[in-house]
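Inspection log for the structure reproduced underneath, given as structure tokens.
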Amino acid sequence: MNISQEVSSAPHSQSMPNPLLDALNPEQRQAVEATQGPVLVLAGAGTGKTRVLTTRIAHILTSKLAWPGEILAVTFTNKAAREMAERVNQLSGGAQSLWMGTFHSIGARIIRRHAEKLGLTSSFTILDADDQIRLLKTLMGELHIDDKSMPPKLFSAIIQSWKDQGLTPVKVTSPQDLQQAGGQAIRVYRAYQERLKALNAVDFGDLILHMLTLFTVHQEVLEEYAKRFKYILVDEYQDTNVAQYLWLRLLASYHKNLCCVGDDDQSIYSWRGAEVGNILRFERDFPDAKVIRLECNYRSTPHILAAAGALIANNRGRLGKTLWTPIKEGDRLRLKSVWDEGEEARFVGEEVEDLQRAKINLKDMAILVRAGFQTRAFEERFLTMGIPYRVIGGLRFYERAEIRDAVAYLRIIASPDDSLAFERIINTPKRGIGQATMQQLHTTARSLNTSLYNATVHLLKSGEIKGKLASALNLFIGNCQRWRKQLESLTLSEVVDLVLEESGYRQMWQQEKTPEAAGRLENLKELSRAIGEFENINAFLEHVSLVTEAADANGNTDMISLMTLHAAKGLEFDVIFLPGWEEGLFPHQRALDESGNKGLEEERRLAYVGITRARRRLYISHAANRRIYNQWQSSIPSRFISEIPKDNIEQLPGGLAGTPRPSARNWKDEVAAILSGSHKREEPTLSRGTRIFHQKFGYGRIAAVSGDHLDIEFEKAGFKKVLADFVTLA
DNA sequence: GTCCTAAATTTTTTT
DNA sequence: AATTTAGGAC
């Protein structure tokens with residue numbers, strides 16, 4: 001069916017006023033009405049992509065092209081999914097029965113339905129990063145791999161990237177891959193996947209990978225879903241990885257009504273396996289695909305848009321878009337040069353107060369940083385000034401130790417065979433179960449091919465565990481059984497309170513007299529409150545593993561937001577502050593070191609995302625000195641600043657006007673040294689960027705300084721850590 | 001097995 | 001600086 005047929009069969013869409021479609025510009029409307037066949041919408045920042053997606057869904061529903069249950073809408077964050085559901089509901093209602101969510105939550109849903117086909121049961125658990133590392137560590141021990149030279153994190157990263165590419169262990173065949181980590185990676189991967197199955201667990205990557213396996217091995221399952229989903233919509237398409245792409249292609253193979261919305265200039269997740277190439281591939285894999293460009297930006301002022309456009313023009317290999325805006329006027333960008341991060345925070349704080357006096361709400365302002373640690377200076381400043389703020393994505397509620405412990409108790413109650421949960425809390429609080437006992441439990445569990453819980457029961461019955469140890473374990477097992485029974489008669493909140501009390505967990509923190517113990521007890525209280533909102537324990541556990549953001553507990557919504565640039569994608573604010581535009585931090589040194597020009601271009605896209613978040617006003621600042629690992633380092637302004645045309649930017653007075661003083665390094669340390677009377681003339685020349693010579697490694701440049709330790713990028717030998725004593729100036 | 005101290009490590013971005 | 005890990009004493 002093409003558009004003209006559809007229009008004639010649905011006369012409302014053109015001849016009569018249609019409030020749904022009339023609010024759109026011609027390109028947006030085209031994207032909404034092209035319901036049949038593959039469509040790629042290249043939507044620049046602020047061009048109304050969410051609006052297109054939601055209107056498209058509403059349009060499909062109101063034209064009765066499909067029932068809600070026949071539409072699949074995939075997003076990248078739960079937040080985006082929630083927002084979309086809300087807006088679809090406003091437009092047409094019935095959004096609750098849509099298949100709408102992140103790739104991962106939809107994966108969990110589908111895999112639970114067909115768990116037995118994958119060798120799992122429907123109550124499988126989803127591992128988080130912590131569980132994953134612990135499991136890998138155990139496996140590495142069993143495989144006799146030294147975790148000093150090859151940390152578990154390395155294997156975690158390699159396995160993750162294989163999963164992102166849709167590679168199960170048998171599909172890892174390329175010579176480079178087989179040689180990863182000296183050939184150990186594939187061994188670990190095989191063992192890891194086997195153990196996951198034995199534990200009835202999956203990790204994040206598996207949520208996609210298992211779906212692929214399910215669809216390719218079980219044709220009838222694929223058929224069921226491919227036929228069901230008449231319309232598939234994908235948000236942030238530029239950030240899909242190969243596995244997700246393959247999955248989408250399978251799902252769309254029957255109806256072929258796949259609509260992907262993305263912006264190659266906003267691809268910022270290549271480190272997570274995202275392939276910008278998926279956009280280019282789209283036109284190749286779907287030769288009849290309609291490509292629609294949205295280039296009219298309704299969000300930002302001309303100066304902001306011009307700055308963003310000029311910056312991103314430095315990237316090669318773009319599909320190319322030119323954004324324009326009907327907005328006529330607006331301020332130029334404001335550039336502030338400051339001495340250090342403290343001054344940067346003071347400056348932002350003062351501007352925020354000025355803006356408040358100008359009647360701009362805090363909730364319309366945001367500070368976007370490159371790396372999480374940068375928020376600290378602002379938090380401290382805002383606390384002293386009394387400016388309410390919220391850190392988005394910072395320390396996550398469900399990642400705190402006390403919450404993870406409490407959740408582990410719930411996991412053991414919900415499914416006793418969850419050995420990872422068992423291991424986490426069997427000795428928390430202390431019950432006298434140490435390494436030796438754990439070893440015994442593990443051995444028994446494996447020889448009986450069962451879980452740690454069952455192994456414990458077995459050893460208690462057979463009398464192989466006696467005395468103090470036996471009574472402690474007996475008490476624990478008995479408690480678990482009782483708690484499980486109480487799930488039937490008590491509410492979830494009551495069970496949580498009971499478990500925390502009777503296990504002695506709460507008491508453990510009460511006895512601890514550190515200042516943070518009180519906060520932890522608060523968090524536990526919050527947990528028992530939050531769990532009350534769930535139907536059953538499994539629904540709650542799913543929420544814990546897939547939903548990363550904590551709900552806004554208090555009613556105060558007028559707060560300034562602090563977050564990383566990555567977390568800001570898809571959001572917009574009247575006023576944006578972009579601090580820390582310094583070489584080494586932004587673009588981040590590690591991105592440059594590890595991915596060279598590709599890394600630089602991704603950093604530039606990140607800058608582009610940051611700039612285009614702003615509706616009306618944008619501040620960029622850079623500090624001449626920054627403390628990293630508690631070491632003062634001097635830095636020069638980011639190259640990205642010079643890529644913004646002078647006409648669009650205004651240098652604010654004060655600070656250093658962009659010329660850092662070379663001698664700035666360690667000035668605070670020196671002052672401290674003078675005051676303490678132990679000042680020695682320091683070697684002033686060993687700072688970042690200095691060219692040096694080393695007896696063994698040859699010539700190189702200093703990448704970072706931490707005390708006597710230097711990180712040096714050698715011309716021949718690559719990156720090495722060496723002591724300052726061993727290098728001389730080149 | 002547990003507790004204490006020393007040493008290593010951290011901070012790029014996350015579903 | 002702050003937090004996690006390793007090693008050793010008890």
Side-chain angles (χ1 to χ4, degrees), chain A residues 74-81 101-108 126-130 132-134 137 147-148 151-153 156-157 160 163-164 202-209 235-236 239-241 243-244 267-274 368-376 380 392-396 398-399 401 427 429-439 468-469 472 514 516 545-549 563-569 580 584-595 599 602-603 605-607 609-610 626-633 669 704 706-707 709 721:
Chain A
V74 196
T75 62
F76 263 81
T77 61
N78 293 291
K79 191 175 176 172
T102 61
F103 276 101
H104 296 87
S105 66
I106 286 166
I126 301 168
L127 263 61
D128 62 25
D130 242 43
Q132 209 184 97
I133 296 294
R134 273 192 302 148
K137 222 171 172 177
D147 63 1
K148 277 270 165 52
K153 267 190 175 170
S156 165
Q160 201 53 56
K163 290 185 174 179
D164 287 342
V202 304
D203 67 15
F204 267 94
D206 284 336
L207 291 173
I208 315 296
L209 192 64
D235 191 14
E236 308 282 12
D239 286 326
T240 52
N241 60 37
Q244 290 161 338
S267 165
I268 54 175
Y269 282 104
S270 71
W271 51 272
R272 211 172 70 186
L368 311 182
V369 296
R370 176 63 183 88
F373 74 91
Q374 289 175 262
T375 59
R376 214 160 94 187
E380 281 169 14
I392 293 175
L395 26 106
R396 295 195 195 101
Y398 293 117
E399 280 174 7
N427 202 31
K430 300 265 182 301
R431 297 188 178 90
I433 289 102
Q435 248 181 355
T437 313
M438 277 319 293
Q439 198 58 50
K468 243 182 172 175
L469 212 50
T514 52
E516 65 258 35
S545 38
L546 293 175
V547 179
T548 47
E549 74 257 43
M563 69 190 97
T564 63
L565 286 158
H566 283 87
K569 196 173 64 155
L585 180 59
F586 193 35
H588 200 280
Q589 194 59 46
R590 232 165 115 172
L592 302 181
D593 293 342
E594 285 171 11
S595 318
E602 180 146 321
E603 295 287 294
R605 290 193 292 270
L606 203 48
V609 167
R626 194 169 289 276
R627 202 172 40 182
I628 292 172
Y629 297 136
N630 206 34
Q631 284 286 325
W632 285 96
Q633 291 194 186
D669 292 350
S706 58
H709 299 269
K721 277 190 200 298

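Residue numbers begin at 1 in each chain, while the letters A, B, ... track the order of the sequences. Values below: every heavy atom of this structure, side chains too, minus hydrogens, waters and symmetry copies. In this text, all values refer to a predicted model and were calculated from it rather than measured experimentally.
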Check your understanding: For A/Phe76, which contact category applies under a 4.0 Å heavy-atom criterion: base, sugar-phosphate, or nothing?
Key -> sugar-phosphate
Practice item. Quick one: label A/Ser105 by what it contacts on the DNA or RNA (base, sugar-phosphate, nothing), any heavy atom closer than 4.0 Å. Key: nothing
**Study point:** Length of the CZ-P vector between A/Arg272 and B/dT12, whole Å
**Key:** 17 Å
Review point. Would you say a side-chain N or O of A/Asn427 is under 4.0 Å from OP1 or OP2 of B/dT2?
Key: yes
Check your understanding: Atom CD of A/Gln435 and atom P of C/dA6: how far apart are they, to the nearest Å?
Key -> 11 Å
Check your understanding: Between A/Asp164 and A/Arg272, is there a side-chain N and carboxylate O pair less than 4.0 Å apart?
Key -> no
Check your understanding: Given atom CG of A/Asp130 and atom P of C/dT3, what is their separation to the nearest angstrom?
Key -> 16 Å
Practice item. Determine if A/Tyr269 stacks with B/dT13; use a centre-to-centre distance below 5.5 Å and an interplanar angle below 30° as the criteria. Key: no
Check your understanding: If you find the nucleotide of DNA chain B closest to A/Gly393 and the one closest to A/Arg376, which residue's nucleotide is nearer the 5' end?
Key -> A/Arg376
Practice item. Name the nucleic acid region contacted by A/Phe586, choosing base, sugar-phosphate or nothing; use a 4.0 angstrom heavy-atom cut-off, strictly under. Key: nothing
Review point. Does any N or O in the side chain of A/Glu602 come within less than 3.5 Å of the main-chain N or O of A/Ser270, such that one atom is a donor and the other an acceptor?
Key: yes
**Study point:** Residue whose closest nucleotide on DNA chain B lies nearer the 5' end, A/Lys430 versus A/Gln160
**Key:** A/Lys430
Exercise for review: Would you classify A/Ala129 as touching base, sugar-phosphate or nothing, given that sugar-phosphate means primed atoms plus P, OP1 and OP2, and contacts are heavy atoms under 4.0 Å?
Suggested key: nothing
Point to revise | Validation row: A/Tyr269, A/Glu236 side chains within 4.5 angstrom (heavy atoms) | key: no
Check your understanding: Just checking A/Glu594: base, sugar-phosphate only, or nothing, at a heavy-atom cut-off of under 4.0 Å?
Key -> base
Exercise for review: Using the six-membered ring for Trp and the full ring for Phe, Tyr or His, decide whether A/Trp271 stacks on the six-membered base ring of B/dT12 (centres under 5.5 Å, planes under 30°).
Suggested key: no
Check your understanding: What is the distance, rounded to the nearest whole Å, between atom CD1 of A/Ile433 and atom P of B/dG1?
Key -> 9 Å
Check your understanding: Does a side-chain N or O from A/Thr437 land closer than 4.0 Å to OP1 or OP2 of B/dG1, or not?
Key -> yes
Review point. Going by heavy atoms in the side chains, are A/Val609 and A/Ile268 under 4.5 Å from each other?
Key: yes
Practice item. With sequence neighbours excluded, tell me which residues meet side chain to side chain donor-acceptor pair (under 3.5 Å) with A/Arg590. Key: A/Glu594
Exercise for review: Measure the distance from NZ on A/Lys153 to P on C/dT4 and round it to the nearest whole Å.
Suggested key: 12 Å
Study note, to complete from the structure: Atom CG of A/Leu565 and atom P of B/dT11 are separated, to the nearest Å, by 18 Å
Check your understanding: B/dT12 phosphate, OP1 or OP2: any side-chain N/O from A/His588 under 4.0 angstrom?
Key -> yes
Review point. To the nearest Å, how far apart are A/Phe373 CZ and C/dA2 C1'?
Key: 15 Å
Point to revise | Separation of atom CH2 in A/Trp632 from atom P in C/dA1, rounded to whole Å | key: 11 Å
Exercise for review: Examine B/dT12: is either OP1 or OP2 under 4.0 Å from a nitrogen or oxygen in the side chain of A/Thr564? Give yes or no.
Suggested key: no
Practice item. Taking the side chain as every heavy atom from C-beta outward, state whether A/His566 and A/Arg370 have any atom pair closer than 4.5 Å. Key: yes
